[in-house]
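What follows is one structure encoded as structure tokens, with my remarks underneath.
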Amino acid sequence: MRTSQYILATLKETPSDAEIISHQLMLRAGMIRKLASGLYTWLPSGLKVLRKVENIVREEMNKAGAIEMLMPIIQPADLWQESGRWEQFGPELLRINDRHNRPFALGPTHEEVITEFVRKEISSYKQLPINLYQIQTKVRDEVRPRFGVMRAREFTMKDAYSFHLSEECLNETYKKMHQAYCNVFERLGLDYRPVIADTGSIGGSVSHEFHVLAESGEDAIAFSSESDYAANIEKAEAVAPSIERPAPSKELNRFDTPNARTIEELKQQHGVKPHRGVKTLIAYGAPNENEERGLVALVVRGDHELNELKAEKLALVDSPLEFATEEDIVKATGAKPGSLGPVGLNMPIIVDRSAAVMADFVAGANEDGVHYSGINFDRDVTDYVVEDIRNVVEGDASPCGKGVLNIKRGIEVGHIFQLGTKYSEAMKAGVLAESGKNQIMTMGCYGIGVSRIVAAAIEQNHDQYGIKWPTALAPFELAIVPMNMHKSHRIPEIAEKLYADLQAAGIDILFDDRKERPGVMFNDMELVGVPHTLVIGERNLDNNQVEYKNRITGEKELIDLDKAVEVLLNHVKG
RNA sequence: CGGCGUUUAGCGCAGCUUGGUAGCGCACUUGGUUUGGGUCCAAGGGGUCGCAGGUUCAAAUCCUGCAACGCCGACCA
């Protein structure tokens with residue numbers, strides 16, 4: 001490709017609304033442009049990268065025995081009503097009406113459509129197991145789209161769905177997909193980790209996420225220092241402390257704290273160390289038979305954070321978790337947030353495991369501007385239950401029993417689920433089993449965020465000059481940079497010849513034939529991230545040589561003109 | 001949804017306090033100059049100042065409403 005006939009669209013300046021490096025570089029390198037919030041146009045070089053990711057995913061899926069198909073983006077509402085997700089999914093499901101005013105959804109995922117397809121087409125156990133996938137545009141009306149294509153409202157996803165007669169069979173396919181995903185991320189050249197995950201709105205039991213490690217990641221992942229245990233922090237169990245609770249040694253003592261409403265203020269004004277106090281968060285409880293929600297107190301150590309996901313899974317707590325308004329808190333406790341505590345609290349109290357082993361601790365007195373010290377469970381607080389409701393922190397014991405936890409940030413690029421019969425049951429998708437009886441199928445589903453991978457790859461592979469594409473993803477393999485071509489007779493001649501010969505040798509080339517200064521060309525090629533560059537200039541031609549540069553290693557090499565094709569082929573394809 | 005902020009040329013921004021016919025840099029066009037890391041000079045094209053209403057002789061500037069975009073959102077207990 002010649003730059004003069006291409007849309008290179010590189011930018012010198014960074015658009016101000018791009019927060020993270022991959023978003024900035026994708027805009028600057030001319031890969032994407034924003035159309036509206038969370039909606040992006042893919043320019044030619046961006047699309048080339050996207051297609052490369054797609055193809056690797058496609059090849060590995062095919063290798064693992066999955067079969068590609070394509071389903072509509074627009075899906076009839078009644079399918080979603082059948083699965084129950086028309087109500088459940090919330091505003092993230094973008095809904096539209098057709099000209100007859102019939103309701104449809106723009107597909108955020110395709111469990112309903114595939115289940116509808118399979119229940120009609122597959123009728124015998126002999127046709128199972130089967131694993132069907134597609135690579136397609138998905139629509140999710142995100143609350144807050146951000147980071148460019150990282151969290152967009154329209155994005156490319158590979159979604160696969162498998163159908164089975166038994167759990168064991170599902171398990172086998174699940175393992176195969178797990179392996180296929182590892183293969184994909186290996187081939188993409190990314191630093192990634194599979195982690196134990198929550199199933200979220202998709203549902204099911206067993207689930208793993210695949211994360212590309214990056215500081216800008218929106219998820220935190222906990223790893224064991226000693227084993228290969230890794231889990232999303234929202235799912236990582238905070239194991240019960242191995243210590244016994246010390247016996248009370250202090251009396252309950254009221255003290256005035258007129259200006260201390262936070263853990264930090266308690267520390268600064270009254271010397272209370274955060275791990276010697278607890279915070280009491282008040283959320284709404286699960287509705288009773290009259291649909292009334294009471295309040296429930298969640299008590300965690302002062303230096304810990306509540307894990308909302310763990311909390312809302314408890315029977316006492318309403319799901320999704322919702323914190324009580326100040327008004328409701330004052331009505332129930334007589335105090336405002338900032339002076340709350342478990343002593344004398346008239347509502348169910350859930351105490352985190354780590355808070356439950358504390359003795360002589362500090363908490364609010366449920367009276368504005370007053371705290372207690374010397375609080376002890378069973379003496380001062382009698383009616384409570386102990387649960388795991390906090391986020392793990394660095395240094396916690398690993399739930400696997402070996403080592404301690406480290407925490408890193410990751411970008412979720414893949415997610416696999418054992419769905420079980422959640423959708424097949426609701427939509428009555430069964431086959432005739434060997435016994436001659438109808439049997440509901442067991443399902444798995446497997447997603448990869450194809451467009452997100454493009455951004456994640458840049459987060460992991462860039463420098464001050466631009467993108468450093470892994471070989472498998474680069475939009476072009478080789479850049480030809482002829483210097484001051486218009487001033488020379490032999491440079492255009494040689495550049496054209498090498499362009500033709502190298503193309504014939506199967507190399508994907510970006511030939512910079514613009515009438516630009518060398519610096520401009522070098523900067524653009526480095527920004528776009530072309531891994532190999534061939535520089536043709538008068539200086540080296542005097543010795544019958546051209547120059548090779550490697551974007552990743554920075555290595556430079558002078559090559560004799562008559563060996564150029566051979567040597568370059570070796571660098572690019574070798 | 002709540003809080004905060006932004007909106008002036010394709011991009012990045014100034015101008016607004018104190019109202020008087022809209023500017024800078026980059027990009028783009030033309031000519032010249034330069035040429036191994038984002039040359040320099042000159043001449044140009046491009047904006048109903050987010051939208052609607054109001055105040056005023058006069059509004060990018062002051063007032064009201066709306067919208068779009070962006071950042072943050074248990075961590076306060």
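These numbers were taken from a predicted model, which means no experiment stands behind them. Every chain is numbered from 1, with letters handed out A, B, ... down the list of sequences.
The residue A:Glu264 sits close only to the backbone: its heavy atoms come under 4.0 Å of sugar-phosphate atoms, none of a base. Counting any heavy atom pair closer than 4.0 Å across all strands shown, A:His371 reaches no nucleic acid atom. Residue A:Leu11 is out of contact with every strand shown, counting any heavy-atom pair closer than 4.0 Å. The residue A:Val300 sits apart from the nucleic acid: no heavy atom pair falls under 4.0 Å. Residue A:Glu265 is out of contact with every strand shown, counting any heavy-atom pair closer than 4.0 Å. A:Glu538 comes within contact range of no nucleotide atom at all, as no heavy-atom separation falls under 4.0 Å. Across all strands shown, A:Ser16 has heavy atoms under 4.0 Å from sugar-phosphate atoms exclusively, and none from any base. If you check every strand for non-hydrogen atoms under 4.0 Å, A:Arg28 touches a base. Within 4.0 Å of A:Gly537, counting heavy atoms only, lies at least one base atom of the nucleic acid. Among the atoms of the strands shown, base atoms are found under 4.0 Å from some heavy atom of A:Lys487.
A tilted orientation is assigned to the rings of A:Tyr384 and A:Phe377, their planes being inclined by 30° to 60°. Using cut-offs of 30° and 60° on the angle between ring planes, the pair A:Tyr40 and A:His23 is perpendicular. Using bins of under 30°, 30° to 60° and over 60° for the plane-to-plane angle, the ring pair A:His270/A:Phe255 lands in the perpendicular bin.
With 3.5 Å as the limit, one finds a donor-acceptor pair spanning the side chains of A:Thr3 and A:Asp513.
With hydrogens and angles left out, the side chain of A:Asn484 and the base of B:rG36 share no donor-acceptor pair within 3.5 Å.
Nucleotides of RNA chain B nearest to A:Ile329 and A:Tyr465 differ in position, and the one nearer the 5' end is that of A:Tyr465. Nearer the 5' end of RNA chain B, as judged by each residue's closest nucleotide, is the contact made by A:Glu13, out of A:Glu13 and A:Lys556.
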Inset, instruction - Apply side-chain hydrogen bond (donor to acceptor under 3.5 Å, both in side chains) to the pair A:Asp328 and A:Tyr284, showing each step before the final yes or no. - result: CA-CA 10 Å; A:Asp328 285 347; A:Tyr284 292 103; 2.6 Å; yes
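One finds a side-chain N or O of A:Ser37 lying less than 4.0 angstrom from the OP1 or OP2 phosphate oxygen of B:rG70. Considering only side-chain N and O atoms, A:Arg517 lies nowhere under 4.0 angstrom from the phosphate OP1 or OP2 of B:rG37.
Using atom P as the reference point in both B:rC71 and B:rC16, the two lie 28 Å apart (nearest Å).
When the nucleotides B:rC71, B:rG70, B:rU39 are ranked by their closest atom to the side chain of A:Arg146, B:rC71 comes out on top.
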